[in-house]
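Because the structure is predicted, anything quoted here is derived from the model rather than measured. Sequence lines set the chain letters: A, B, ... in the order given, protein chains first and strands last, and positions in each chain run from 1.
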Amino acid sequence: MERIVVGMSGGVDSSVAALLLKRQGYDVVGVFMKNWDEQDENGECTATQDWHDVQEVCGLLDIPCYAVNFQKEYQDRVFAQFLEEYRRGRTPNPDVLCNREIKFKAFLDFAMKLGAGGMATGHFVRRGQREGRPLLLKGGDPAKDQSYFLYMLKEAQLERALFPVGDMTKAQVRQVAQEAGLPVSRKKDSTGICFIGERNFRRFLQGYLPLREGEMRTLEGQVVGRHQGLAYYTLGQRRGLGIGGAGDGRRWFVIGKDLGRNVLLVAQGEDHPALYSRYVRASQPTWIGEPPAGEGVPFRCGVKFRYRQGDQPAWAVRLGEEIFLRADGLQRAVTPGQSAVLYAGEACLGGGIAEEAGPEPMAQVDGIFPEA
RNA sequence: UGGGGUAUCGCCAAGCGGUAAGGCACGGGACUUUGACUCCCGCAUUCGUAGGUUCAAAUCCUGCUACCCCAG
């Protein structure tokens, strides 16, 4: 009987994942990860409740249950980078790193040590196969597809991973949980950074990054307010600017950062041109399997610039250690540090980290894409 | 100091005798395994201030105060 180690968060998805594997006859072991030990601002530690739920579920399923602590790894391989990105004025996505470095590396290694044939999580993604090689496919619930967070996985990692709830909808997962009498069947979906949880983001960052006040200016140079520190804002952001009544009375949005002058650039109106771009340069390309085309050869694909965004039809091309993209349509607030994830239909191809975005092609790719 | 004008929510701003629009900001919620966006709800018993007229005033009258403009 093959042993599978399930990463259990105490939520419905991973609980049902364990349940399904158990029913399929695997030797299931539940493991809870604790990678962050701070309490939230209310002095609560949701991890305590989650660990409690994991134990209860495992008891019901009659499977062994352990807790592991990857705090050190999380700190070194995820959080340090996260802060460094913010210091550079960018907006990182810690969860894509967390998946590559913690859940599908540190945790996977741990599972192997337990003698498992593989690991499983409650992610809403499916694993496909082509010519004997693993594919990462979107989840069966289009509203819940989480492939965006897993695009950095390599074949070797995918090969050992199972996603038991990947072809189900959220509603089906909850129903299975309820029918099985799992106590977490109605537990609210978790949000916020994985393992850290829902936070007042500015306050959270203030614990790690110094305040450095400065001006908020329009593109024309007019000072319209003050900011508390560039790191606390991200492109396309509206709330928290505190600019009211100025100009024509419309909403204000962050459109850029001038690190050198410590100036936050803002513009008025949701349709402001500075908020939109078509061309994107992305670094750190990663591919699940072989890249979809040779270097310098443009190819069609779908792109997501953020979680839960529909696939944006686009052209892409690899050049050296970078990916260049041209979306068919205008993209709102493509933000440096965020991930651009590429798709071919249901399959996630991989992706990269956005470095810059703009309405005009970068010099490296001027004229390289076929005319629309 | 004369002459004129304006004073309504943190900001902008409707209102013109009948019992305080709206926008932005802000607060709360929904959505959401990043950050955002979006959506919903809330947000002046009170109209610079003190009196007066009137059944009834932010709206009319008078004094005072503040600011702005023009004279000087």
Side-chain angles (χ1 to χ4, degrees), chain A residues 7-14 33 35-36 46-47 50 74 78-79 81-83 85-86 88-100 102-103 121-125 139 141 143-152 163 165 170 173 187-205 209 216 224-226 230-255 257 266-272 275-276 304-310 330-341 351 353-354:
Chain A
M8 299 187 67
S9 66
V12 219
D13 305 336
S14 56
M33 270 180 277
N35 302 331
W36 193 260
T46 52
D50 291 336
Y74 188 84
V78 179
F79 203 66
Q81 285 227 37
F82 169 81
L83 291 181
E85 284 284 88
Y86 270 111
R88 296 174 55 199
R90 295 155 53 102
T91 306
N93 182 335
D95 288 351
V96 297
L97 268 186
C98 176
N99 283 318
R100 186 183 72 186
I102 308 297
K103 289 180 183 167
T121 69
H123 281 109
F124 281 95
V125 295
D141 187 339
K144 275 289 183 179
D145 166 47
Q146 290 172 319
S147 57
Y148 182 85
F149 292 107
L150 298 181
Y151 81 96
M152 279 190 177
F163 305 107
V165 302
K170 185 76 190 191
V173 171
K187 192 169 171 180
K188 193 179 185 316
D189 291 11
S190 65
T191 56
I193 300 172
C194 214
F195 299 118
I196 295 178
E198 194 80 70
R199 300 300 184 113
N200 174 315
F201 213 72
R202 190 177 299 181
R203 237 183 296 163
F204 176 68
L205 284 180
L209 300 169
M216 297 187 347
V224 290
R226 295 194 59 79
L230 293 181
Y232 307 138
Y233 305 82
T234 190
L235 300 199
Q237 177 176 337
R238 166 164 88 90
R239 311 205 75 157
L241 299 186
I243 314 171
D248 60 17
R250 301 162 77 197
R251 303 165 166 181
W252 290 84
F253 296 89
V254 175
I255 56 169
K257 300 180 180 185
V266 296
Q268 200 160 24
E270 36 280 314
D271 54 358
H272 192 102
L275 226 32
Y276 296 88
K304 292 187 200 295
F305 294 100
R306 48 176 54 81
Y307 177 51
R308 284 169 60 80
Q309 178 182 36
L330 288 175
Q331 299 301 314
R332 184 182 182 286
V334 174
T335 307
Q338 291 282 294
S339 292
V341 180
I353 309 284

Measure [atom1]/[X] against [atom2]/[N] and give the value in whole Å, please.
X        : N     : atom1 : atom2 : answer
A:Arg202 : B:C26 : CZ    : C1'   : 12 Å
A:Gln268 : B:G23 : CD    : P     : 15 Å
A:Leu241 : B:C24 : CG    : P     : 13 Å
A:Lys257 : B:G35 : NZ    : P     : 14 Å

Heavy atoms under 4.0 Å, any strand shown: does [X] hit a base, just sugar-phosphate, or nothing?
X        : answer
A:Thr335 : base
A:Leu97  : nothing
A:Tyr307 : base
A:Lys144 : sugar-phosphate
A:Gly240 : sugar-phosphate
A:Phe253 : sugar-phosphate

Taking only the [atom1] atom of each, what is the distance from [N] to [M] in whole angstrom?
N     : M     : atom1 : value
B:U54 : B:A13 : C1'   : 29 Å
B:G63 : B:A56 : P     : 23 Å
B:G28 : B:A36 : P     : 14 Å
B:U1  : B:A58 : P     : 32 Å
B:C64 : B:U46 : P     : 27 Å
B:U53 : B:C69 : P     : 37 Å
B:U19 : B:G3  : P     : 37 Å
B:A57 : B:G48 : P     : 15 Å

> Would you find a donor on one side and an acceptor on the other, under 3.5 Å apart, between the side chain of A:Asp95 and the backbone of A:Phe149?
Replying inline: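 No.
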> Is a donor on one side and an acceptor on the other found under 3.5 Å between the side chain of A:Lys257 and the backbone of A:Leu230?
Replying inline: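 Looks like yes, one N/O pair under 3.5 Å.
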Complementary nucleotide for [N] - Watson-Crick or wobble, under 3.5 Å:
N     : answer
B:C9  : none
B:U59 : none
B:U38 : B:A30
B:U45 : none

>> Set out, in order, the CA-CA distance, both residues' side-chain angles and the distance that settles side-chain contact (heavy atoms from CB on, under 4.5 Å) for A:Val341 and A:Phe305, then state yes or no.
In response: CA-CA 7 Å; A:Val341 180; A:Phe305 294 100; over 6 Å; no
>> I'd like to check A:Leu205 versus A:Phe82 (side-chain heavy atoms, cut-off strictly below 4.5 Å). Are they in contact?
In response: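 When only atoms from C-beta onward are counted, A:Phe82 and A:Leu205 do touch, with a gap below 4.5 Å.
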> How long is the span from the CE atom in A:Met33 to the OG1 atom in A:Thr121, to the nearest 0.5 Å?
Replying inline: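 Atom-to-atom, A:Met33:CE and A:Thr121:OG1 are 8.5 Å apart.
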> How long is the gap from CZ on A:Arg306 to CZ on A:Arg308, to the nearest 0.5 Å?
Replying inline: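 It comes to 12.5 Å.
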> Any idea which of B:G35, B:C26, B:U34 is nearest the A:Asp95 side chain?
Replying inline: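 Nearest to the side chain of A:Asp95 among the choices is B:U34.
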> Side chain of A:Thr191: nearest nucleotide among B:G35, B:U34, B:C31?
Replying inline: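 That would be B:U34.
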>> Does B:C55 count as syn, meaning its glycosidic angle lies within 90° of 0, or as anti?
In response: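 Anti, since the glycosidic angle lies more than 90° from 0.
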>> On the side chain of A:Arg306, is there an atom forming a donor-acceptor pair with the base of B:G35 - under 3.5 Å, no angle test?
In response: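 Counting by modelled atom types and ignoring angles, a donor-acceptor contact under 3.5 Å is found here.
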side-chain N/O [X] vs [N] OP1/OP2, d < 4.0 Å:
X        : N     : result
A:Lys188 : B:C31 : yes
A:Arg238 : B:A25 : yes
A:Arg251 : B:U38 : yes

>> Go nucleotide by nucleotide along RNA chain B from the 5' end; which of A:Asn99 and A:Gly236 gets its closest nucleotide reached first?
In response: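 Nearer the 5' end of the strand: A:Asn99.
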> Of A:Tyr233 and A:Trp252, whose closest RNA chain B nucleotide lies nearer the 5' terminus?
Replying inline: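 Of the two residues, A:Trp252 wins.
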>> Between A:Phe201 and A:Thr234, is the side-chain contact (heavy atoms from CB on, under 4.5 Å) condition met? List the steps.
In response: CA-CA 11 Å; A:Phe201 213 72; A:Thr234 190; over 6 Å; no
